[in-house]
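It should be emphasised that the depicted structure is a prediction, and the values quoted were computed from it without experimental measurement.
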Amino acid sequence: MNQKPFIALDFPTWEDTSSFLELFDESLNVKVGMELYLQNGPSIIEKLLKDNHRIFLDLKLHDIPNTVYGAMKGLAQYDLELLNVHAAGGTAMMEKALEGLHTGRPANQNPAKLIAVTQLTSTSEKQMRDEQLIARSINDSVLHYASLAKQSGLDGVVCSPHEAMLIREHCGEDFLRVTPGIRLSDDDKGDQQRITTPEKARGMGSSLIVVGRSITKAENPQLAYEQVVKEWEGLK
């Protein structure tokens with residue numbers, strides 16, 4: 001898998017997305033989330049694939065096992081890099097998601113990597129305890145969900161960089177740690193809680209990083225992207 005950072009295309013329309021992508025003279029790793037996908041439908045995937053972009057489809061599926069199986073079977077027709085579900089859906093749901101992904105995949109196409117969301121990077125430990133009623137540390141919760149995902153046969157998890165090393169130690173180097181909540185050092189953290197820079201994320205054990213506003217809201221997105229890549233790859 002290409003190790004370049006994924007750019008979160010947090011735009012409402014294809015026009016906005018296309019205008020942003022035109023700033024770059026290369027195919028990119030991009031993340032398509034609910035806002036872009038649900039407002040534009042599967043055509044957004046087809047357009048991005050046509051331009052040779054590599055896609056992390058971030059829909060965070062979470063439903064009963066058979067429903068997630070059917071949804072994943074349909075999404076498997078697209079040549080995606082990554083897909084995800086919520087680990088909180090449980091092992092039966094994650095196993096059915098994986099089954100759907102492999103059942104729906106065209107014979108000549110490599111399957112996407114399937115990963116599970118642990119705790120959102122916008123979630124604080126206080127919120128987790130007060131609202132989710134999980135009376136453990138956030139590290140305990142994230143590691144528990146990561147262990148369930150590995151047990152279910154998934155390829156990795158979405159977590160914050162702060163938990164990536166812990167997951168690597170318990171689940172192995174090959175188990176992906178995909179980390180959003182990445183900001184350049186001078187950027188506002190927005191609604192994220194557990195964040196860090198690309199350089200620190202690399203040292204903290206992230207396998208792949210997802211960067212949104214630090215690039216998409218930058219005065220010069222291409223220069224911001226180059227800075228993120230430089231920091232992530234440890235270049236001076």
Just by distance, do the side chain of D155 and the backbone of I115 share a donor-acceptor pair under 3.5 Å?
no
What's the verdict on side-chain contact (heavy atoms from CB on, under 4.5 Å) for I45 and I55, showing C-alpha distance, side-chain angles and the deciding distance?
CA-CA 8 Å; I45 300 301; I55 303 169; 4.0 Å; yes
Are more than 12 heavy atoms from other residues, nucleotides or ligands located less than 6.0 Å from atom CG of D130?
yes
Under 3.5 Å donor-acceptor, E163 side chain and V142 backbone
no
Between T118 (side chain only) and V158 (backbone N and O only), is there a donor and an acceptor less than 3.5 Å apart?
yes
Return the minimal non-hydrogen interatomic distance between L98 and G153, and the atom names on each side.
CD2-O, 3.5 Å
Salt bridge check: are E226 and K230 linked by an N-O gap of less than 4.0 Å?
no
Which ring pair (Phe, Tyr, Trp, His ring centres under 6.0 Å) pairs, counting each pair once, include a residue from residues 50-85, with sequence neighbours left out?
H62-H86
CE (M94) and OH (Y145) are apart, to the nearest 0.5 Å, by 9.0 Å
Decide, yes or no, whether a salt bridge links R168 with E173 under the criterion of side-chain N to carboxylate O below 4.0 Å.
yes
So for atom NZ, which belongs to K47, do other residues, nucleotides or ligands contribute more than 12 heavy atoms lying within a distance under 6.0 Å?
yes
Distance-only side-chain donor-acceptor flag, S27 / R54, under 3.5 Å
yes
Is there a side-chain contact (heavy atoms from CB on, under 4.5 Å) between V85 and K60 once you walk through the steps?
CA-CA 4 Å; V85 297; K60 302 181 180 74; over 6 Å; no
What's the separation between atom CG in L9 and atom CD1 in I44, rounded to the nearest 0.5 Å?
8.5 Å
Look at the rings of F24 and Y225 and say which category their plane angle falls in: under 30° parallel, 30 to 60° tilted, over 60° perpendicular.
perpendicular
What are the two closest non-hydrogen atoms of P198 and W232, and how far apart are they?
O-CE3, 3.6 Å
Give the minimum heavy-atom separation between T123 and I138, together with the two atoms involved.
O-CD1, 3.7 Å
Intermediate values then yes/no, side-chain contact (heavy atoms from CB on, under 4.5 Å), V32 and L48
CA-CA 10 Å; V32 174; L48 290 167; 3.5 Å; yes
Shortest non-hydrogen pair, T216 vs A8, comes out as CG2-O, 3.5 Å
Tell me if a side-chain donor or acceptor on S147 pairs with a main-chain N or O of L143 at a distance below 3.5 Å.
yes
Keeping the roles fixed (side chain from R183, backbone from S214), state whether a donor-acceptor pair exists under 3.5 Å.
no
Using the side-chain contact (heavy atoms from CB on, under 4.5 Å) rule, take L176 and K113 through it: C-alpha gap first, then chi angles, then the decisive distance, then the call.
CA-CA 9 Å; L176 295 174; K113 300 290 187 183; 4.2 Å; yes
Would you find a donor on one side and an acceptor on the other, under 3.5 Å apart, between the side chain of Q77 and the backbone of G74?
yes
Once rounded to the nearest 0.5 Å, what's the spacing between atom CG of L57 and atom OH of Y37?
6.0 Å
Okay, side chain of E131, backbone of R129: is any donor-acceptor separation there less than 3.5 Å?
no
Rounding to 0.5 Å, atoms CD (E22) and CG (D51) come to a distance of 9.0 Å
Where the side chain of Q109 meets the backbone of A76, is there a donor-acceptor pair that is under 3.5 Å apart?
yes
I'd like to know if the side chain of N40 reaches the main chain of P12, judged simply by a donor and an acceptor atom lying under 3.5 Å from each other, with no hydrogens or angles considered.
yes
Just by distance, do the side chain of S152 and the backbone of L154 share a donor-acceptor pair under 3.5 Å?
no
Would you please say whether a donor-acceptor pair under 3.5 Å links the side chains of T13 and D16?
yes
Please report the shortest heavy-atom distance between L59 and N84, naming the atom on each side.
N-OD1, 3.2 Å
Does K200, at its NZ atom, have more than 12 non-hydrogen atoms belonging to other residues, nucleotides or ligands within less than 6.0 Å?
no
Quick one: pull up CG in D140 and CE in M128 and give me the separation to the nearest 0.5 Å.
8.0 Å
For P180 versus C159, what's the shortest heavy-atom pair and its separation?
CD-O, 3.3 Å
Do the side chains of K4 and E233 get close enough for a salt bridge, i.e. N-O under 4.0 angstrom?
yes
